[in-house]
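Below is one structure, written out as structure tokens; comments come after it.
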Amino acid sequence: MTSIIKTVSAATLLIAPMMASVRSAPAQASGATPQYRAYCEAKYRTGALKGVKPRWSFGYNSRTKRMECREADSMGFNTSVKGRTFWINLNELCHFTTGRADFHWHGEGRVACGRNDHR
């Protein structure tokens, strides 16, 4: 009985530090999350009607395989104005977000700024 207790306590002493290190480090994706909306608004929301224009959004275009800034359609004096769409330069986006132009993909439509640390 005493040898079983010694074996269990020795195993616990060996395994406990490994479990603590695994538990304390949560799994995170490498790189910083880009600030798409702020980038789109800073780059494309300009002109005299800057505060009146609809907000910019962003999205992944699966047909062209590119990230895009999208302006919503707007209504004027009995007219409808079609929103504009621009491709996002990912190097410029990451430079706007982090100050460095490095980026990498985490899958279709998921970009992260910085080096890819998963290699």
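Only heavy atoms go into these numbers, but all of them, side chains included; no hydrogens, no water, no symmetry mates.
C69 contributes atom SG, which lies 9.5 Å from atom CD of E41 (distance to the nearest 0.5 angstrom). Summarising the geometry, atom CG belonging to L93 is positioned 9.5 Å from atom CZ belonging to F103; distances are rounded to the nearest 0.5 Å. The CH2 atom of W56 lies 4.5 Å from the CD atom of E71; values are rounded to the nearest 0.5 Å. In this structure, N61 CG and R70 CZ are separated by 6.5 Å, a value rounded to the nearest 0.5 Å.
Checking Y36, F86, Y44 one by one against F58, the ring-ring contact (aromatic ring centres under 6.0 Å, His included) holds for a single residue, Y36.
Minimum heavy-atom separation, A112 to P34: CA-CD, 4.3 Å. C40 and S57 get closest at one heavy-atom pair: SG-O, 4.0 Å. Minimum interatomic distance between Q35 and T97 (heavy atoms only, all atoms of both residues): N-OG1, 3.2 Å. E92 and K43 get closest at one heavy-atom pair: OE1-NZ, 2.7 Å.
Around NZ of K65, the count of heavy atoms belonging to other residues, nucleotides or ligands within 6.0 Å exceeds 12.
Judged by distance alone, with hydrogens and angles left aside, the side-chain atoms of H104 form a donor-acceptor pair with the main-chain N or O of G114 at under 3.5 Å.
Pairs engaging residues 93-103 under the salt bridge (charged side-chain N to carboxylate O under 4.0 Å, His left out) rule: R100-D102 [sequence neighbours left out].
Side-chain contact between V111 and Y60 is absent, with no heavy atoms from C-beta onward closer than 4.5 Å.
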